[in-house]
Amino acid sequence: LTVDVVYRFLPPSFSDTAAGWATFSQDFYGNITYSVELVGPDDVVASRDVLLNTETGYLQIAPSAEYTIQVNVMATDSASDSVLVRTFTFTSFPADTSTA
C-alpha cells in the first residue's frame, strides 16, 4: 500500500447470509458485529490508520507512515462467540516519485 492513500475493503462476501456464516460455525446467531486486531511492532501507529465499521465490516486503511502490519478481522455474534473471518498482512511504502 502507498502512504497517504486511502484503501477501502468490502466486508466478507458471505456475511449477509446465514449460509455464509455456517461456513465458520453452526452456532452463530443473532446480530453480528466486527472488530479488528492489529498485530506487529507498529500496531500503535497502524491503529490510527485503520478504521472498521463494526456493523457492516467495511474496512478503511490510510497508511500515514511506512510499516508492516497484520490485520485480523473478527466477527462476534449475540452470544459473544467470535471467529476470525479475514486476515491479511500489508506493507506500506512512500509513493514512487521518481521521474526515471
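This is a predicted model, so every value here is computed, not measured.
The two residues Ile69 and Val39 come nearest to each other via the heavy atoms CD1-O, 3.4 Å. The minimum heavy-atom distance between Glu55 and Tyr34, with the atom names listed, is O-CE1, 4.0 Å. Closest approach of Leu52 and Val36 over heavy atoms only: CD2-N, 3.7 Å. When all heavy atoms are compared, the tightest approach of Pro94 to Thr2 is C-CG2, 4.2 Å. Residues Gln70 and Thr87 come closest through the heavy atom pair NE2-OG1, 3.4 Å.
Side-chain atoms of Leu1 and Thr91, non-hydrogen and from C-beta on, never get closer than 4.5 Å to each other. Side-chain contact check for Thr68 versus Thr89: some heavy-atom pair is nearer than 4.5 Å.
Using modelled atom types, one side-chain atom of Ser92 and one backbone atom of Ala65 make a donor-acceptor pair closer than 3.5 Å. Between the Asp49 side chain and the Ser64 main chain, a donor and an acceptor come within less than 3.5 Å of each other. In this structure a side-chain-to-backbone donor-acceptor pair under 3.5 Å is missing from Asp42 to Val45.
From Gln60, atom CD reaches atom CG of Asn53 across 10.5 Å, with rounding to the nearest 0.5 Å.
Shown are Thr33, Asp77, Thr76; of these, the side-chain hydrogen bond (donor to acceptor under 3.5 Å, both in side chains) with Ser82 is made only by Thr76.
Neither side chain, Asp43 nor Tyr67, offers a donor N or O lying under 3.5 Å from an acceptor on the other.
One hydrophobic cluster holds both Val83 and Phe9 under the rule that ILVMFWY side chains link at heavy-atom gaps under 4.5 Å. Connection of Phe93 to Ile61 is not established within any shared hydrophobic cluster, with ILVMFWY side chains joined at heavy-atom distances below 4.5 Å, either directly or through further cluster members.
Here the two rings, on Tyr7 and Phe90, have centers that are 6.0 Å apart or farther.
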